[in-house]
Amino acid sequence: MKIVKTVQEVRDIVNEWRKEGLTVGLVPTMGYLHEGHQSLIAKSVAQNDRTVVSIFLNPIQFGPTEDLESYPRDPERDAKLCEDTGADLIFRPDVSDMYYDDFCTFVDMDIITKNLCGKSRPTHFRGVCTVVLKLFNIVKPDRAYFGQKDAQQLAVIKRMVRDFNIDIEIVGCPIVREADGLAKSSRNTYLNPDERKAALVLSRSLKKGMDVIKTGETNSKKIIAAITEVINTEPLAKIDYVSVVDAVTMQDVEAIKNDVLVAIAVKIGKTRLIDNFSFSV
Ligand code: PAF
């Protein structure tokens, strides 16, 4: 496995692979990799001849008061995980190589980015779309892999690919959880032992939501109320949102029909965590 920093190095390597007729998968990450990322890499390795993992802590998707500075980093452990999982190339650019001083072109998506996480993180998806489009143009993969935990991000990337006619297959991969149900996230490392216990309220509340749906309840307000009630039993938890949305448009729905996403964002102490499940009628 090779580790490169520059756009030109990636292009040279991928061009050689292309000449040999090999297919290429891309797993975009911000580093501090865990089993969730590992599942994306493993899927790419299974579906493509070559796999590129990008590791880039993308400053423009963080708001001014968010955790860019404190975001966990462990480049050596990341490299080992990539290599052990079968990746062929890590692309780890510097910020200055991705964003020149006079960088001024951004991807601004409407509607899908405005609800859920977009409400409290208004510039987040602009940063995500912009960097992902850049990575797509640099690597030119056949397929790119994203986790379902960031369900809105996955929907946004799928829409960008459709709207811009980008010839890349977007592969969504299931949420990977700890044994006790907490969805894997690089940000889980911020939680102290009490908060770690409290964070279980996210998966517990979603289980309640799923149980309510399985009893035949379709009214979003009632499903949201059931989830909210569980979260509010946890003193360390503060709700950002509990929503039932259309799985494609990310717009609130009054009742469950077709494909919906039940999504929550909850602050545990200072750490904002997200979780979700999809449901199809
Ligand atoms: O999901 C992430 O880690 C990031 O949002 C991504 C897709 C790598 C873009 O920086």
Side-chain angles (χ1 to χ4, degrees), residues 7 10-11 14 18 22-30 36-37 39-41 43-44 46-54 56 58 60-61 91 98-99 103-175 241 243-254 256-263 265 274-281:
V7 171
V10 179
R11 289 202 162 137
V14 174
R18 290 281 176 216
L22 302 175
T23 57
V24 180
L26 169 67
V27 182
T29 81
M30 297 202 300
H37 299 108
S39 74
L40 308 182
I41 299 169
K43 184 121 193 190
S44 173
Q47 293 187 334
N48 302 280
D49 298 314
R50 295 288 181 267
T51 290
V52 181
V53 181
S54 63
F56 179 62
N58 176 34
I60 68 165
Q61 70 185 73
F91 174 43
M98 291 294 273
Y99 301 114
F103 185 91
C104 60
T105 310
F106 298 88
V107 179
D108 232 333
M109 186 182 295
D110 210 349
I111 303 172
I112 303 183
T113 61
K114 303 299 179 204
N115 200 11
L116 305 178
C117 292
K119 277 193 179 157
S120 57
R121 308 186 72 192
T123 57
H124 173 65
F125 290 111
R126 179 187 206 240
V128 170
C129 286
T130 302
V131 80
V132 169
L133 184 61
K134 282 173 70 68
L135 291 167
F136 285 175
N137 284 330
I138 293 165
V139 179
K140 299 202 194 84
D142 298 280
R143 299 184 186 87
Y145 296 79
F146 296 87
Q148 179 66 30
K149 188 180 78 76
D150 296 295
Q152 188 177 16
Q153 170 171 278
L154 178 58
V156 163
I157 301 294
K158 282 184 176 165
R159 179 57 66 93
M160 179 176 77
V161 162
R162 196 207 70 179
D163 284 357
F164 284 172
N165 310 97
I166 300 171
D167 192 12
I168 295 173
E169 183 189 340
I170 302 304
V171 183
C173 301
I175 299 176
Y241 63 76
S243 300
V244 181
V245 297
D246 178 274
V248 174
T249 64
M250 300 286 119
Q251 301 307 292
D252 293 349
V253 292
E254 277 178 19
I256 293 200
K257 55 175 185 294
N258 306 326
D259 297 336
V260 296
L261 177 78
V262 179
I274 56 174
D275 202 346
N276 67 78
F277 67 85
S278 305
F279 192 82
S280 301
V281 181

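The model shown is predicted, which means the values in this text are computed figures rather than measured ones. We're numbering straight along the sequence, starting at 1.
Summarising the geometry, atom OG belonging to Ser243 is positioned 11.5 Å from atom CG belonging to Asn276; distances are rounded to the nearest 0.5 Å. Taking CD1 of Ile112 as the start and CE of Met160 as the end, the distance is 11.5 Å to the nearest 0.5 Å. Between atom CZ of residue Arg50 and atom CG of residue Leu22 there is a gap of 5.0 Å, rounded to the nearest 0.5 Å. Atom-to-atom distance recorded for Asp246:CG and Asn258:CG is 7.5 Å, nearest 0.5 angstrom. Taken to the nearest 0.5 Å, the CD atom of Gln153 stands 8.0 Å off from the CD1 atom of Ile274. Here the CD1-NZ distance, from Ile168 to Lys140, works out to 10.0 Å after rounding to the nearest 0.5 Å.
Counting only distance, with no hydrogens or angles, the side chain of Ser39 and the backbone of Gly36 share a donor-acceptor pair below 3.5 Å. Panel note: side chain Gln152, backbone Cys117; a donor-acceptor pair is recorded below 3.5 Å.
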Decide side chain to side chain donor-acceptor pair (under 3.5 Å) for Asn115 and Asp252; before the verdict, give the C-alpha distance in whole Å, the side-chain angles of both, and the deciding distance to 0.1 Å. CA-CA 8 Å; Asn115 200 11; Asp252 293 349; 2.9 Å; yes

Before giving the answer on side chain to side chain contact (heavy atoms under 4.5 Å, CB included), spell out for Ser120 and Tyr241 the whole-Å C-alpha distance, their side-chain angles and the decisive distance to 0.1 Å. CA-CA 9 Å; Ser120 57; Tyr241 63 76; 5.6 Å; no

Assess whether side chain to side chain contact (heavy atoms under 4.5 Å, CB included) is satisfied between Val14 and Phe91, documenting all intermediate values. CA-CA 11 Å; Val14 174; Phe91 174 43; over 6 Å; no

Criterion side chain to side chain contact (heavy atoms under 4.5 Å, CB included) on Phe56 and Lys134, from CA distance to verdict: CA-CA 12 Å; Phe56 179 62; Lys134 282 173 70 68; over 6 Å; no

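In this structure, Asp49 and Thr23 have side chains that are in contact, with non-hydrogen atoms separated by less than 4.5 Å. Between Asp259 and Ser278, every side-chain heavy-atom pair lies at or beyond the 4.5 Å cut-off. Between Gln148 and Leu261 the shortest side-chain heavy-atom distance falls below 4.5 Å. Looking at heavy atoms from C-beta onward, Arg126 lies out of side-chain contact with Ile60 at the 4.5 angstrom threshold. Residues Val128 and Val156 fail the side-chain proximity criterion, which asks for heavy atoms closer than 4.5 Å. The side-chain heavy atoms of Leu135 and Met98, taken from C-beta on, include a pair separated by under 4.5 Å. Considering only heavy atoms from C-beta on, Thr123 stays 4.5 Å or farther from Phe106 through its side chain. Inter-residue side-chain proximity for Val132 and Asn58 is flagged as unmet; no heavy-atom pair is nearer than 4.5 Å.
Between Asn48 and Asp142, the shortest heavy-atom contact is OD1-CB, 4.5 Å. What you find for Ser44 and Gly25 is that their closest heavy atoms are OG-CA, 3.4 Å. Residues Gln61 and His124 come closest through the heavy atom pair O-ND1, 2.9 Å. When all heavy atoms of Ala155 and Met250 are compared, the pair lying nearest together is CB-CE, 3.6 Å. The nearest pair of heavy atoms linking Cys129 to Met109 is SG-CE, 4.1 Å. In this structure, Val171 and Gln47 approach most closely via the heavy-atom pair CG2-OE1, 4.0 Å.
A salt bridge does not link Arg159 to Asp110: none of the charged side-chain nitrogens sits closer than 4.0 Å to a carboxylate oxygen.
The side-chain tip of Lys158 does not point at the ring of Phe146 from less than 6.0 angstrom away and within 45° of straight on.
Annotation for Ile111: atom CD1 does not count as buried by contact number, only 12 or fewer foreign heavy atoms lying within 6.0 Å. By the neighbour-count criterion of 12 heavy atoms within 6.0 Å, atom NZ of Lys114 is densely surrounded, having more than that number from other residues, nucleotides or ligands.
Exactly one residue among Ile166, Asp167, Val131 makes a side chain to side chain contact (heavy atoms under 4.5 Å, CB included) with Phe136. That residue is Ile166.
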